[in-house]
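Structure record follows, encoded as structure tokens.
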Protein chains: 2
Amino acid sequence: MNEDLFKCLSDLNRRRILYCIGRQEMCVNSISECLELEQSLVSHHLKELYTCGLVTRERRGKKNYYRVSQKQVIALLESAKELGDSLKVCKSD
Amino acid sequence: MNEDLFKCLSDLNRRRILYCIGRQEMCVNSISECLELEQSLVSHHLKELYTCGLVTRERRGKKNYYRVSQKQVIALLESAKELGDSLKVCKSD
DNA sequence: ACTAAATATGAATAGCTGTTCATATGAACG
DNA sequence: CGTTCATATGAACAGCTATTCATATTTAGT
């Protein structure tokens with residue numbers, strides 16, 4: 001399975017999932033409802049995120065709770081977004 | 001064409017090109033030789049990097065000189081690398 | 001043990017992406 | 001203008017990736 005960080009972050013839905021569970025842990029169903037994505041799709045993406053080490057999981061009862069493994073993950077997303085905006089501004093000059 | 005920053009950075013050869021021209025501007029041939037990649041491949045990648053605004057170019061004579069548009073680009077690559085290493089370490093615990 | 005809930009998995013597939021090859025474009029110079 | 005150097009472009013293709021659908025697995029409760 002893919003372990004490249006950038007490849008893993010290059011998918012919008014995976015980034016949305018990361019933002020979604022960035023503040024608090026969430027189970028698969030909640031993520032699925034929150035983002036309006038199919039449960040199986042969320043599961044597939046979570047697997048990749050997990051393989052990359054970007055998220056951790058914890059089983060409690062029937063549910064599997066996922067969370068972002070490190071705060072630097074979101075920080076990286078943020079600075080990438082900032083850079084992206086900056087690049088757009090420069091192009092419109 | 002693709003304008004997503006992460007998608008653009010997700011390719012290893014494009015990242016290699018960015019590192020290559022991170023310190024000084026370089027023409028296509030030099031990049032090509034330096035990284036041992038086909039000229040046309042480098043050209044294709046540079047086009048994507050340019051579309052994203054990650055690089056700028058300047059024609060001088062026959063040659064086209066490319067450089068990284070902002071120092072934050074390399075900074076982002078660096079912090080991503082750091083995070084990647086950190087994730088690997090955590091997984092081997 | 002049976003059932004229901006929650007999640008994971010696998011196969012199938014359509015669309016995308018990186019690479020190569022061949023060729024076109026442009027710029028300098030005799 | 002013709003030639004050469006430097007780069008860009010386009011078509012073609014193989015391999016990858018995201019998504020969906022169907023189904024399996026796991027866990028808890030009765």
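Letters go in sequence order (proteins before strands), and every chain restarts at 1.
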Interatomic distance where NE2 belongs to A:H45 and P belongs to C:dT9 [whole Å]:
15 Å
Please check the phosphate of D:dT7 (OP1 and OP2 only) for any side-chain N or O of B:N29 closer than 4.0 Å.
yes
Nearest-angstrom distance from the residue atom NZ of A:K7 to C1' of C:dC16
13 Å
Pick the nucleotide of DNA chain D nearest each of A:D11 and B:C27; which residue has the one closer to the 5' end?
B:C27
For a quick check, tell me whether the side chain of A:Q39 and the base of C:dA6 share a donor-acceptor pair closer than 3.5 Å.
no
Find the distance A:N64:CG to C:dA5:C1' and express it as a whole number of Å.
13 Å
I need the CD1-P distance between B:I31 and D:dA8, as an integer number of Å.
9 Å
Would you give the length of the straight line joining atom CG of A:L12 to atom CZ of B:F6, rounded to the nearest 0.5 angstrom?
11.0 Å
Closest non-hydrogen atoms of B:Q39 and B:S32, given as atom of the first, atom of the second and distance, are N-OG, 3.5 Å
According to the 5.5 Å centroid and 30° plane-angle thresholds, does B:H44 stack upon the nucleobase of D:dT9?
yes
Of the listed C:dA8, D:dA8, D:dA18, the closest approach to the A:R57 side chain comes from C:dA8
Taking only N and O in the side chain of A:R14, is any of them less than 4.0 Å away from OP1 or OP2 of D:dA18?
yes
Per nearest nucleotide of DNA chain D, the residue lying toward the 5' end, B:S40 or A:E38, is B:S40
Taking 4.0 Å as the cut-off, does a side-chain nitrogen or oxygen of A:K47 come that near to OP1 or OP2 on C:dT9?
yes
For a quick test of reading the model: is some side-chain N or O of B:K63 closer than 4.0 Å to OP1 or OP2 of C:dA27?
no
A quick test of your reading: do over 12 heavy atoms of other residues, nucleotides or ligands sit less than 6.0 Å from CZ of B:R23?
no
At under 4.0 Å between heavy atoms, what does A:Y65 touch on the DNA or RNA strands: base, sugar-phosphate, or nothing?
nothing
Check the distance between C:dG18's P and B:R16's CZ and give it to me in whole angstrom.
15 Å
Please confirm whether the shortest side-chain N or O distance from A:Y66 to OP1 or OP2 of C:dA8 is below 4.0 Å.
yes
Between atom CE in B:M26 and atom P in D:dA6, what is the gap in whole Å?
14 Å
For the CD atom on B:E82, are there more than 12 heavy atoms of other groups (residues, nucleotides or ligands in this structure) within a distance under 6.0 Å?
no
Toward the 5' end of DNA chain C, by each residue's nearest nucleotide, B:G61 or A:K62:
A:K62
Side chains of A:S86 and B:Q70, donor plus acceptor under 3.5 Å:
yes
Think A:N13 has a side-chain N or O under 4.0 angstrom from the OP1 or OP2 of D:dT19?
yes
